[in-house]
2 protein chains.
Amino acid sequence: MSNDLQGFELPLRLLLGFRMLIDELHEELARQGHPEMRPMHGFVFQAIMRAGGPYGTTAADLGRALGVSKQAAGKTIDMLEGLGYVRPGHDPGDARRKTYTLTPHAYDALERSEQIFDGLRDQWAETIGEDRLRAMVEDLRKVTPSDVFRLDTPQWFNTP
Amino acid sequence: MSNDLQGFELPLRLLLGFRMLIDELHEELARQGHPEMRPMHGFVFQAIMRAGGPYGTTAADLGRALGVSKQAAGKTIDMLEGLGYVRPGHDPGDARRKTYTLTPHAYDALERSEQIFDGLRDQWAETIGEDRLRAMVEDLRKVTPSDVFRLDTPQWFNTP
DNA sequence: TAATGTAGACAAGGTCGTTGTCTACATGGT
DNA sequence: ACCATGTAGACAACGACCTTGTCTACATTA
């Protein structure tokens with residue numbers, strides 16, 4: 001390998017780096033009591049924490065945050081509810097809204113993810129150096145948008 | 001934004017960096033006569049060049065290279081043939097093999113992609129410095145696998 | 001109070017992947 | 001030379017997940 005890639009190498013390495021981290025995260029999460037979590041779910045949890053109002057997030061909120069239809073977001077929520085990661089509530093100020101909030105089980109997954117990511121970060125720092133890793137993140141911040149959550153990424157690979 | 005991300009930031013920035021580059025690539029490719037190309041196709045082209053034998057690549061070859069079934073790979077090839085990016089041939093040494101090779105139109109897309117990526121790379125270098133960009137790629141090489149092509153990435157987001 | 005907009009439920013359909021089956025051809029051991 | 005085994009490709013059924021469209025209940029604003 002590593003032949004006539006040139007300009008292709010930068011994007012490819014970025015994707016590979018991402019996939020490695022996420023794959024190792026989920027291997028470890030599976031060992032720690034979260035075998036059903038999918039790569040997508042981490043993003044969904046973040047979106048549920050951010051997108052909704054004070055009483056939680058609705059399917060419509062989530063759909064907008066993730067760039068998918070409210071129906072698709074609703075199905076994701078159904079699955080997460082089945083897995084025990086979200087639970088339904090309601091908004092006392094608006095009888096239409098069927099809100100969802102993260103359960104302790106979801107927060108457990110988030111905390112463990114945080115720790116696992118920290119461990120992986122340390123591994124990278126050992127390999128390339130703490131200063132270089134810090135520089136990488138800093139540089140990436142400069143060339144990527146700050147409004148972060150727009151995750152229609154799965155099918156995005158197959159768009160026009 | 002940029003609040004309680006911590007360990008999440010590294011993978012997130014890697015993904016965002018990847019998406020930015022690929023999105024800008026395809027915007028520009030669309031302007032340059034390739035509006036039907038999808039993010040996935042670049043990987044498929046690479047795989048078609050690498051995976052097959054001297055007479056071209058079969059659907060089964062492509063499926064193995066991409067980590068999908070031969071049927072799925074076959075459908076992708078059908079689409080690419082419809083778009084004029086691959087054309088069928090045959091392997092004189094094996095009558096079963098229905099091979100495909102890239103057309104000049106596909107090579108045109110690859111050359112333009114190369115140029116566009118170079119331009120984007122230059123933009124990044126202006127923002128963060130040529131040396132820092134070089135360091136980033138170098139460092140990513142150290143922490144990512146060298147056998148690069150395994151692109152079942154789309155649905156990968158939604159695996160167990 | 002009436003017009004307009006949004007949440008959620010339900011249904012139909014599309015895209016793209018999967019597995020399973022069948023036939024034609026290749027290959028390697030006997 | 002022959003036969004068992006394996007693989008390529010065509011065809012079909014099916015499943016996961018997304019979409020659009022429609023309908024009703026509730027909110028909001030003129």
Side-chain angles (χ1 to χ4, degrees), chain A residues 36-41 43-44 47-48 51-83 86-101 150-160, chain B residues 36-41 43-44 47-48 51-83 86-101 150-160:
Chain A
E36 303 289 353
M37 273 199 68
R38 303 180 181 190
M40 193 63 191
H41 292 166
F43 296 104
V44 175
I48 288 177
Y55 297 100
T57 301
T58 67
D61 294 334
L62 183 61
R64 278 188 294 269
L66 262 50
V68 298
S69 65
K70 61 184 181 180
Q71 290 87 340
K75 291 180 186 178
T76 301
I77 286 180
D78 288 346
M79 162 177 289
L80 289 177
E81 186 180 3
L83 294 173
V86 302
R87 94 185 123 207
H90 60 282
D91 184 334
D94 187 338
R96 291 170 307 171
R97 291 172 60 83
K98 187 168 169 190
T99 61
Y100 289 88
T101 52
R150 171 118 206 137
L151 262 304
D152 51 331
T153 304
Q155 333 73 293
W156 165 84
F157 276 90
N158 285 314
T159 44
Chain B
E36 302 290 353
M37 272 198 70
R38 303 180 182 190
M40 193 63 191
H41 292 165
F43 296 105
V44 176
I48 288 176
Y55 297 99
T57 301
T58 67
D61 294 335
L62 183 62
R64 277 189 295 271
L66 263 49
V68 298
S69 66
K70 61 183 181 178
Q71 291 86 341
K75 291 180 190 179
T76 301
I77 286 180
D78 288 346
M79 162 176 290
L80 289 177
E81 188 180 2
L83 294 174
V86 302
R87 94 185 123 207
H90 60 282
D91 183 334
D94 188 338
R96 291 170 307 173
R97 290 171 62 82
K98 187 169 169 188
T99 61
Y100 288 88
T101 52
R150 172 116 206 139
L151 262 302
D152 51 333
T153 304
Q155 330 75 294
W156 165 83
F157 276 89
N158 284 313
T159 45

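These numbers were taken from a predicted model, which means no experiment stands behind them. First the proteins, then the strands, lettered A, B, ... as listed; each starts at 1.
Residue S69(B) places at least one side-chain N or O closer than 4.0 Å to OP1 or OP2 of dT18(C). OP1 or OP2 of dC16(C) has not a single side-chain nitrogen or oxygen of T76(B) nearer than 4.0 Å.
If you take CZ of R64(A) and P of dC18(D), they are 17 Å apart, rounded to a whole angstrom. The distance from atom CG of L62(A) to atom P of dA7(C) is 12 Å, rounded to the nearest whole Å. Atom pair R97(A):CZ and dT28(D):P shows a separation of 11 Å (rounding to whole Å applied). Following rounding to the nearest Å, D78(B) (CG) and dT15(C) (P) show an atom-to-atom distance of 14 Å. Atom-to-atom, CG of D91(B) to C1' of dT7(D) comes out at 13 Å; the value is rounded to the nearest Å. If you take CG of L66(A) and P of dC17(D), they are 14 Å apart, rounded to a whole angstrom. Taking atom CG on L80(B) and atom C1' on dC16(C), their separation rounds to 14 Å, with Å as the unit. In this structure, CE of M40(A) is placed 11 Å from C1' of dC17(D), rounded to the nearest angstrom.
Between Y55(B) and T101(B), the shortest heavy-atom contact is O-CG2, 3.9 Å. Here the closest heavy-atom approach between residue I48(B) and residue Y100(B) is recorded as CG2-O, 4.0 Å. Across all their heavy atoms, A60(A) and K70(A) have their closest contact at CA-CB, 3.8 Å. Here the closest heavy-atom approach between residue T57(B) and residue A47(B) is recorded as OG1-O, 4.5 Å. What you find for A73(B) and V68(B) is that their closest heavy atoms are N-CG2, 4.1 Å.
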* Give the C-alpha distance, both sets of side-chain angles, the deciding distance and a yes or no for side chain to side chain contact (heavy atoms under 4.5 Å, CB included) between D61(B) and R97(B). => CA-CA 10 Å; D61(B) 294 335; R97(B) 290 171 62 82; 3.0 Å; yes
* To do: Go through the steps to decide whether H41(A) and M79(A) satisfy the test side chain to side chain contact (heavy atoms under 4.5 Å, CB included), and finish with yes or no.
  => CA-CA 10 Å; H41(A) 292 166; M79(A) 162 177 289; 3.9 Å; yes
List, with names and distances, any nitrogen or oxygen atoms from the protein found under 3.5 Å away from nitrogen or oxygen atoms belonging to nucleotides 10-16 of chain D.
{"from": "dA10(D)", "atom 1": "OP1", "to": "K98(B)", "atom 2": "NZ", "distance (Å)": "3.0"}

Check: protein-nucleotides 4-6 of chain D nitrogen or oxygen pairs below 3.5 Å:
{"from": "dG6(D)", "atom 1": "N2", "to": "R96(B)", "atom 2": "NH1", "distance (Å)": "2.8"}

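Side chain of V68(A), nearest nucleotide from dT18(C), dT19(D), dA7(C): dT19(D).
T99(B) contributes no side-chain N or O that, together with a main-chain N or O of G56(B), makes up a donor-acceptor pair within less than 3.5 Å.
To the nearest 0.5 Å, atoms OG1 (T58(A)) and CG (D91(A)) are separated by 9.5 Å.
Between A60(B) and P92(A), the residue whose closest nucleotide on DNA chain D is further toward the 5' end is A60(B).
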